[in-house]
Participant: 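Sharing a structure, written as structure tokens. Questions coming.
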2 protein chains.
Amino acid sequence: MINRNSPATIDDVARHAGVSISTVSRVLNRNVPVSEEVVAKVEEAMRALRYTPRAAARNLATSRTNTLGLLLAEIVGDFFSPLLSGIESVAAQHGYDLLISTAGRRGPQNQLPGPFHKHNADGLLIFAGSLSDDGVRDTHSLGVPMVLLHQTPPDGLPVPCVTIENKAATRAIVEHLIVSHKRRRIVFLTGEPNNEDGSWREMGYREALTHHNIPIEPALIAPGHFDRHIAQTSIEQLLRDGIEFDGVFAGDDEAAVGVYAALRNAHLKIPDDVSVVGFDDQSLARVLQPALTTVHVPIDQVGIEATRRLMQLIQNEPTEVLTLLPTTLVIRASCGCPE
Amino acid sequence: MINRNSPATIDDVARHAGVSISTVSRVLNRNVPVSEEVVAKVEEAMRALRYTPRAAARNLATSRTNTLGLLLAEIVGDFFSPLLSGIESVAAQHGYDLLISTAGRRGPQNQLPGPFHKHNADGLLIFAGSLSDDGVRDTHSLGVPMVLLHQTPPDGLPVPCVTIENKAATRAIVEHLIVSHKRRRIVFLTGEPNNEDGSWREMGYREALTHHNIPIEPALIAPGHFDRHIAQTSIEQLLRDGIEFDGVFAGDDEAAVGVYAALRNAHLKIPDDVSVVGFDDQSLARVLQPALTTVHVPIDQVGIEATRRLMQLIQNEPTEVLTLLPTTLVIRASCGCPE
DNA sequence: CTGTTAGCGCCTTCAT
DNA sequence: ATGAAGGCGCTAACAG
């Protein structure tokens with residue numbers, strides 16, 4: 001027998017088992033009846049030759065890749081692990097692999113990155129901030145199944161979107177500050193300019209204030225960008241400017257860390273002098289002292305739901321256009337409630 | 001012109017541009033000189049037809065996939081983002097895609113998961129706890145380029161390994177407790193039984209004590225498993241058992257969170273009553289009160305170095321067998337030093 | 001510099 | 001239930 005150094009192919013297996021390659025293909029795919037006896041022979045041959053089918057060949061023949069693409073702005077933050085974990089679990093469950101790529105710090109791109117250019121993935125998961133509206137339109141017009149995460153599709157493009165309930169939760173947590181803790185001058189730290197989550201949260205904030213006849217004061221709205229340093233700087237600036245406030249909606253938990261630092265440096269007590277609340281319920285929310293009152297976000301569910309939608313799309317099943325995952329208030333101590 | 005609904009192929013482009021498919025292939029790959037004029041024509045045709053090469057076809061033809069596989073035990077924890085971020089940046093830089101898969105909670109597997117079964121990836125990044133020694137041996141014997149992260153290869157298999165300096169750093173931080181803060185009864189919280197990082201840290205702990213003539217007391221060694229709840233339970237148990245201690249090496253920062261909680265519940269002051277130190281320097285180390293003294297681990301560098309090694313392997317260049325990344329002591333307040 | 005022609009390894013009708 | 005043969009789209013010699 002000739003010892004080819006390259007890995008075994010379906011031909012080698014067929015020869016070794018004394019059958020045709022079609023038969024081998026059939027036991028590989030189990031989609032057509034094959035006699036017990038032959039199956040055994042073929043499997044034995046596969047084992048002996050350490051055979052393993054070449055993905056590229058099947059992909060070419062079937063024009064499916066069994067691969068999902070995940071496109072992100074960048075790989076950072078506490079939310080990333082649970083999100084990816086959720087995505088991976090559903091993908092694996094359906095027999096799909098996961099390809100990952102980032103748009104990088106250049107911001108949303110108009111084009112898909114090379115890896116995902118059609119045919120490398122059967123479907124795409126697009127996270128907010130990675131692909132511009134033009135990019136989404138373009139990709140969609142190519143007929144690539146895709147779902148958007150934390151990002152609304154442009155115009156009325158029927159691209160499924162999975163995101164979380166931001167507005168109502170923000171309104172609820174801000175109203176908690178107003179009603180339960182008698183706060184009236186509440187700072188709102190924004191997300192980055194084009195961040196949809198941030199925009200919705202700001203609407204919730206405004207609604208809460210308006211509903212309680214508290215005027216919206218522009219001076220109390222400052223940048224937080226979901227970043228602890230930016231948040232800290234903003235609070236320090238407010239303090240320096242002598243702007244009074246008795247509550248802070250930090251935008252997210254990360255930013256709350258910066259708020260804590262700024263307040264501590266100014267010898268202001270949380271929650272006695274200032275109530276502070278976050279958003280996300282990251283693992284550090286429980287670690288902060290006092291424990292942070294925040295909004296719980298089921299980020300792993302976002303990944304799970306988005307991937308399910310994508311699978312439905314790939315299988316040409318109907319699916320929801322908008323999936324809004326519920327968020328819940330988590331009362332801890334930083335608002336003023338007893339722990 | 002016939003309107004085929006399927007995406008354009010290289011043939012379509014060739015016909016549209018009035019050249020042969022080889023020419024199209026050449027402008028695609030830019031490896032052979034092609035006249036300016038023809039390049040322009042071809043590119044114009046590609047644009048007009050919205051052509052995008054099918055990855056499967058090139059893979060099959062070149063028997064390379066330009067894909068790297070990353071195998072993890074599971075997707076959790078603070079260290080995951082920076083690790084993946086490092087990997088992705090280097091991979092992208094070399095034009096490689098990243099395929100991700102997990103072994104799941106079933107622990108180290110003896111087989112590669114389907115996705116990575118040879119030919120789906122040109123190289124593999126194997127993270128500790130995802131593939132057993134047998135699995136590593138088997139995969140290596142198949143000739144698949146691979147590098148291990150935080151895991152030593154079995155026997156003397158020449159599989160490159162990238163990990164961090166655990167022992168010396170642990171010894172240094174424990175000695176800091178002994179020398180600078182006069183601690184003598186220092187608790188050591190272990191990692192999971194087969195965790196190599198944990199084992200090295202324990203050796204460092206033992207060296208530190210031995211070097212200062214402090215007897216190793218088994219009662220002071222308890223499970224921490226890099227988990228805040230397990231760590232908390234262990235400390236509570238020690239307290240309940242009336243075992244005295246004046247210092248705690250938590251194993252990692254996550255576990256330190258549990259230690260803080262247990263101590264706080266017992267009304268013990270950090271660092272006055274007990275010095276506490278962690279390992280990893282995760283973002284929450286700075287958030288804890290008092291700020292956690294710990295060991296900084298360049299986890300993104302682990303990803304970067306490992307991927308570089310893998311690229312070298314793939315290109316048949318020589319590479320280091322063992323890469324030990326340096327860790328550094330980060331003194332904050334939980335050991336007793338002024339902040 | 002450009003065209004022609006074999007494959008790459010597998011799936012999938014179509015026969016049998 | 002099994003075999004034979006064409007084709008998936010692209011690259012890589014090989015000619016010219």
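In the text below, chain A, chain B and the rest are named by the order of the sequence lines, each starting its count at 1. Quantities reported herein were computed from a predicted structural model and do not represent experimental measurements. Both backbone and side-chain heavy atoms feed into the values below; hydrogens, waters and symmetry mates do not.
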Participant: With a 6.0 Å cut-off on ring centres, are F79(A) and F127(A) close enough?
Facilitator: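 Ring centres of F127(A) and F79(A) closer than 6.0 Å.
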Participant: Without decimals, in angstroms, what is the distance between E37(A) CD and dA1(D) P?
Facilitator: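 It works out to 13 Å between those atoms.
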Participant: Once you round to the nearest 0.5 Å, how far does CG of L71(A) lie from CG of L99(A)?
Facilitator: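 Nearest 0.5 Å value for the CG-CG distance: 10.5 Å.
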Participant: From T163(A) OG1 over to Q151(A) CD, what is the distance, rounded to the nearest 0.5 angstrom?
Facilitator: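 Answer for the OG1-CD pair, T163(A) versus Q151(A), is 10.0 Å.
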Participant: I'd like to compare against my own output: the B/S/- annotation of nucleotides 11-16 of chain D with a strict under-4.0 Å heavy-atom distance to protein.
Facilitator: BBB---
Participant: In degrees, rounded to 10°, what is the bend between the two ends of the helix from dC1(C)-dG16(D) to dT16(C)-dA1(D), using five pairs at each?
Facilitator: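 Taking five pairs per end, the axes differ by 30°.
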Participant: Could you work out which one of dG9(D), dT2(C), dT2(D) sits closest to the side chain of T23(B)?
Facilitator: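 Closest of the options to the side chain of T23(B): dT2(C).
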Participant: Which nucleotide wins on minimum distance to the side chain of L60(B), given the candidates dT4(C), dC8(C), dT2(D)?
Facilitator: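 Ranking dT4(C), dC8(C), dT2(D) by closest atom to the L60(B) side chain puts dC8(C) first.
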Participant: Please determine, by modelled atom types, if S141(A) and R50(B) share a side-chain donor-acceptor pair under 3.5 angstrom.
Facilitator: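 Short answer, yes.
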Participant: I need the CG-P distance between N120(A) and dC10(D), as an integer number of Å.
Facilitator: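 Checked: the CG to P distance equals 12 Å.
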Participant: Under a 3.5 Å distance rule, please check whether E305(A) uses its side chain to pair with a backbone N or O of T323(A) as donor and acceptor.
Facilitator: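 Flag not set: sc E305(A) to bb T323(A) has no pair under 3.5 Å.
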Participant: Between dC10(D) atom C1' and N66(B) atom CG, what is the distance in whole Å?
Facilitator: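 The answer, rounded to whole Å, is 14 Å.
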Participant: Does S35(B) make a side-chain N or O approach to OP1 or OP2 of dT2(C) shorter than 4.0 Å?
Facilitator: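 Looking at the OP1 and OP2 atoms of dT2(C), one of them is under 4.0 Å from a side-chain N or O of S35(B).
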Participant: May I have the distance from R54(A) (atom CZ) to dC8(C) (atom P), rounded to whole angstrom?
Facilitator: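 In whole Å, dC8(C) P lies 11 Å from R54(A) CZ.
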Participant: Side chain of S81(B), backbone of G77(A): donor and acceptor closer than 3.5 Å?
Facilitator: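 The answer is yes, because a donor-acceptor pair under 3.5 Å joins these two groups.
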Participant: Ignoring backbone atoms, test whether T9(B) places a side-chain nitrogen or oxygen under 4.0 Å from the OP1 or OP2 oxygen of dG9(D).
Facilitator: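 Negative; the distance criterion is not met.
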Participant: Measure CG/D11(A) against P/dC8(C) and give the value in whole Å, please.
Facilitator: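 Roughly 9 Å, once rounded to whole Å.
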Participant: Nearest-Å distance, CG (D12(A)) to P (dG9(C))?
Facilitator: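 In whole Å, dG9(C) P lies 9 Å from D12(A) CG.
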Participant: If each of V34(B) and S63(B) is mapped to the nucleotide of DNA chain C with the nearest heavy atom, which maps nearer the 5' terminus, i.e. the 5' end?
Facilitator: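 Comparing both residues, the 5'-ward one is V34(B).
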Participant: Backbone N or O of D197(A) within a donor-acceptor pair of the N195(A) side chain at under 3.5 Å?
Facilitator: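 Checked: pair present.
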Participant: Do S132(A) and R137(A) meet the criterion of a side-chain donor-acceptor pair at a distance under 3.5 Å?
Facilitator: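 No - no donor-acceptor pair under 3.5 Å links their side chains.
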Participant: Could you tell me the separation between the CZ atom of R30(A) and the P atom of dC11(C), rounded to a whole number of Å?
Facilitator: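 Computing the R30(A):CZ to dC11(C):P distance gives 13 Å.
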Participant: Supply the atom-to-atom distance I100(A) CD1 to L84(A) CG, rounded to the nearest 0.5 angstrom.
Facilitator: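 Output value for this atom pair is 4.5 Å.
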